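Here, residue 1 is the first one in the sequence, and each next residue gets the next number. Computed from a predicted model, the values in this text were never measured in an experiment.
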Amino acid sequence: MKRALPDTDAVKAAIDHILDQAAATGRRPTVERHLGIPHATFHRHYNDLIDTHFRPRVPTPAPPAAPNEKTSERREANLHRLRQENTDLRRTLALYEEAIRQFTLESTALRQGATVLALPARARPDPAIQSQEAAATRAEAFAGCWEGPGRSLRSRRR
């Protein structure tokens, strides 16, 4: 069941009320919400009122205030935190990429019937703290276990 739309006088009164309210509060005027009508329906049925009665009277938005020191400091602190978090995530991603690469190589070797040499276990700090250099060192050490195109394992001597 469709709801009846308000008549032109009711819409004009709502526009006047909303514009007065917006001027007092400094908020953007929205007539559709006040009338309970969807945006598209309001524009479809009252386009002439919008052009002649509403748009000419809408106040222009105030220019944004100049940033003060407190917001500037907060913004800089937030940027620093986000950059640090981004660096930590990149490090963690590099560690996981290396782990996936190692697992893929081991899986391929096992499927081909080769013997996989277990790398010595070592205590690792939290992955978020480890540096990318440590991941690169592990990658170089592991790459030494593989030979040419046949990818057969060779023994490692310590």
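- Contacts of Asp16 classified as salt bridge (charged side-chain N to carboxylate O under 4.0 Å, His left out), with partners at least two apart in sequence or in another chain: Arg57.
- Taking the ring-ring contact (aromatic ring centres under 6.0 Å, His included) definition, one finds that His45 meets it with nothing, sequence neighbours left out.
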Please determine whether side-chain contact (heavy atoms from CB on, under 4.5 Å) holds for the pair Tyr46 and Val31, giving the CA-CA distance in whole Å, both sets of side-chain angles, and the decisive distance to 0.1 Å. CA-CA 11 Å; Tyr46 302 107; Val31 181; over 6 Å; no
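- Of all heavy-atom pairs between Ile18 and Thr30, the closest is CG2-N, 3.6 Å.
- Within the structure, no pair that satisfies the salt bridge (charged side-chain N to carboxylate O under 4.0 Å, His left out) test touches residues 31-46, not counting sequence neighbours.
- Put simply, the side chain of Ser107 never gets that close to the backbone of Phe103: no donor and acceptor are under 3.5 Å apart.
- Side chain to side chain, Gln102 and Glu98 meet the donor-acceptor criterion of an N or O pair below 3.5 Å.
- Under the side-chain contact (heavy atoms from CB on, under 4.5 Å) criterion, Thr25 pairs with Arg27, sequence neighbours left out.
- Atom NZ in Lys12 sits 6.0 Å away from atom CG in Leu49 (nearest 0.5 Å).
- Evaluation of the side-chain contact (heavy atoms from CB on, under 4.5 Å) rule for Ala10 yields Pro6, Asp7 as partners, not counting sequence neighbours.
- Evaluation of the side chain to side chain donor-acceptor pair (under 3.5 Å) rule for Gln84 yields Asp88 as partners, not counting sequence neighbours.
- Partners of Asp51 under the salt bridge (charged side-chain N to carboxylate O under 4.0 Å, His left out) rule, at least two apart in sequence or in another chain, are Arg55.
- Taking the ring-ring contact (aromatic ring centres under 6.0 Å, His included) definition, one finds that Phe54 meets it with nothing, sequence neighbours left out.
- Pro38 pairs by the side-chain contact (heavy atoms from CB on, under 4.5 Å) definition with Thr41, not counting sequence neighbours.
- Ala22 meets the side-chain contact (heavy atoms from CB on, under 4.5 Å) test with Pro29; sequence neighbours excluded.
- Scanning all heavy atoms of the two residues, the minimum distance from Ile37 to Phe42 falls at CG2-N, 3.6 Å.
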In residues 76-83, what donor-acceptor pairs under 3.5 Å come from side-chain atoms, sequence neighbours left out?
| from | atom 1 | to | atom 2 | distance (Å) |
| --- | --- | --- | --- | --- |
| Asn78 | OD1 | Arg81 | NE | 3.4 |
| Asn78 | OD1 | Arg81 | NH2 | 2.6 |
| Arg81 | NH1 | Glu85 | OE1 | 3.4 |

